[in-house]
Amino acid sequence: MTTSRSRFHSRFVLIIATLLLFLPGYASANGDGNQHDPWEGFNRSMFSFNEGLDRVLIKPLAKGYEAVVPTPINNIITNFFNNIEDLMIAANNLLQGKVKASASDLGRVVLNSTLGIAGLVDVATGMGMEKHEEDFGQTFGRWGFGNGAYLVLPVFGSRTVRDSFGLLTDLPLDPMTWVEPTGLSYSMITLRQLDARADLLPTEKVVEAGAIDKYSYLRDAYLQQRRYLIYDGQPPREDD
């Protein structure tokens, strides 16, 4: 089982590495000229693929999940996965030198795993312990690595070159991939993704209503959000 999981990670690493090697020669002049998006032709094609996959498979499953799972149970599931995520967030805050934030993240895990009954209830937020949002893409950014070009990955969606390498680090360290047997691990990962996709259903209506070009809208929103997160809400002013 561990071998099959290792093979999965190896294949994924190979796919992303192949894309990163191939794409520098795939610059497209057919886009809107955004300097952060030299691979726009490829990215739009991959965006269309992801949109189609979401439309025919992921979104219907998310709607079904939302329909059959009562809101209180949905909140419990979200809290459970958020509690596990706090472990990775704590590690990334520590790697970024934010010791106080890392200690707070670990404190959240301890409180929610005990008073919150294995993370099913988020008692830490109610006690004033803020939930942070950190990953290895942000950590690499804090270490001084530049964004690199914008890139749309199959299934995983919007990334930059730096965030793609961050994803390659996040995936094998995800506590959900440590679960045995492998079938249970994949089932929990699927449930987590369904829960996350269901939580986005109300938000996408705003995007659909406000975006003339959904691809450009989501690209620009992603790049702005990542910049905001890397600088903890205080990004330096950019040159025109």
Side-chain angles (χ1 to χ4, degrees), residues 8-9 11-69 74 77-78 81 85 133 135 137-138 147-168 170-171 174 176 186-229:
F8 171 80
H9 288 143
R11 289 169 183 168
F12 180 77
V13 169
L14 181 61
I15 290 170
I16 302 304
T18 301
L19 282 175
L20 295 176
L21 287 172
F22 166 76
L23 281 170
Y26 196 96
S28 171
N30 297 323
D32 58 16
N34 188 292
Q35 62 178 333
H36 301 294
D37 193 4
W39 305 326
E40 186 169 347
F42 171 87
N43 285 335
R44 283 186 178 272
S45 297
M46 191 55 64
F47 177 79
S48 296
F49 168 79
N50 287 341
E51 286 283 284
L53 181 64
D54 183 72
R55 183 171 55 253
V56 302
L57 178 63
I58 301 174
K59 185 176 179 179
L61 288 174
K63 285 185 172 181
Y65 170 87
E66 183 182 52
V68 301
V69 177
N74 188 2
I77 293 172
T78 300
F81 287 120
E85 181 187 44
E133 186 174 349
D135 54 45
Q138 290 170 247
N147 273 328
Y150 177 73
L151 175 62
V152 180
L153 296 176
V155 181
F156 291 95
S158 294
R159 291 291 186 276
T160 61
V161 171
R162 182 194 60 218
D163 290 345
S164 297
F165 283 108
L167 178 64
L168 293 179
D170 286 324
L171 284 175
D174 181 356
M176 287 292 95
Y186 290 155
S187 296
M188 294 183 71
I189 291 171
T190 300
L191 176 61
R192 180 177 63 185
Q193 296 309 113
L194 269 180
D195 178 70
R197 182 63 182 90
D199 290 342
L200 290 175
L201 289 173
T203 309
E204 70 176 346
K205 296 177 182 177
V206 177
V207 177
E208 297 288 352
I212 298 175
D213 179 1
K214 187 176 180 180
Y215 168 83
S216 297
Y217 182 94
L218 292 177
R219 176 197 62 198
D220 295 345
Y222 175 81
L223 293 173
Q224 290 174 20
Q225 183 205 36
R226 294 300 288 178
R227 180 174 171 79
Y228 180 89
L229 290 173

A.B. asks: Out of curiosity, D199 CG to T78 OG1, how far, rounded to the nearest 0.5 Å?
C.D. replies: 4.5 Å

A.B. asks: Counting distance only, does the side-chain N/O of N50 pair as donor-acceptor with the main-chain N or O of V155 below 3.5 Å?
C.D. replies: yes

A.B. asks: Can you tell if the side chain of Y222 reaches within under 4.5 Å of the side chain of V152, non-hydrogen atoms only?
C.D. replies: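 No, side chains not in contact.
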
A.B. asks: Is N43 reaching over with its side chain to a backbone N or O of Y150, donor-acceptor style, under 3.5 angstrom?
C.D. replies: yes

A.B. asks: What residues, two or more places apart in sequence or in another chain, satisfy side-chain hydrogen bond (donor to acceptor under 3.5 Å, both in side chains) together with D174?
C.D. replies: R192

A.B. asks: Find the distance between CG (L194) and CD1 (I189) and round it off to the nearest 0.5 Å.
C.D. replies: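 Rounded to the nearest 0.5 Å, the CG-CD1 separation comes out at 12.5 Å.
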
A.B. asks: Walk me through it: do D135 and E85 pass the test side chain to side chain contact (heavy atoms under 4.5 Å, CB included)?
C.D. replies: CA-CA 10 Å; D135 54 45; E85 181 187 44; over 6 Å; no

A.B. asks: Is any side-chain heavy atom of L151 closer than 4.5 Å to one of F42?
C.D. replies: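 Side-chain contact under 4.5 Å: yes.
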
A.B. asks: Shortest non-hydrogen contact from A198 to P202?
C.D. replies: O-CD, 3.9 Å

A.B. asks: Work out which heavy atom in R159 is nearest to a heavy atom in S164; give both atom names and the distance.
C.D. replies: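 Heavy atoms only, the tightest pair is CB-OG, 3.6 Å.
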
A.B. asks: Can you find a heavy atom in the side chain of S187 that is under 4.5 Å from one in the side chain of M176?
C.D. replies: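 Of all side-chain heavy-atom pairs linking M176 with S187, none is under 4.5 Å.
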
A.B. asks: Answer yes or no: is there a side-chain heavy-atom contact under 4.5 Å between R219 and D37?
C.D. replies: yes

A.B. asks: Might you work through the side chain to side chain contact (heavy atoms under 4.5 Å, CB included) test for H36 and T160, ending with a clear yes or no?
C.D. replies: CA-CA 9 Å; H36 301 294; T160 61; over 6 Å; no

A.B. asks: With sequence neighbours excluded, what pairs up with F47 under the ring-ring contact (aromatic ring centres under 6.0 Å, His included) test?
C.D. replies: Y215

A.B. asks: Are the side chain of D163 and the backbone of G166 linked by a donor-acceptor contact shorter than 3.5 Å?
C.D. replies: no

A.B. asks: If every non-hydrogen atom of F49 is compared with every non-hydrogen atom of P154, which pair is closest and at what distance?
C.D. replies: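 Looking at all heavy atoms of both residues, the closest pair is CE2-CB, 4.4 Å.
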
A.B. asks: To check you understand the geometry: which heavy-atom pair defines the closest contact between L153 and M46, and what is its length?
C.D. replies: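 Reported closest heavy-atom pair: C-CG, 3.8 Å.
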
A.B. asks: Let me have the donor-acceptor pairs involving side chains of residues 55-68, under 3.5 Å, with sequence neighbours excluded, atom names and distances please.
C.D. replies:
from	atom 1	to	atom 2	distance (Å)
K59	NZ	E204	OE2	3.2
Y65	OH	D195	OD1	3.0

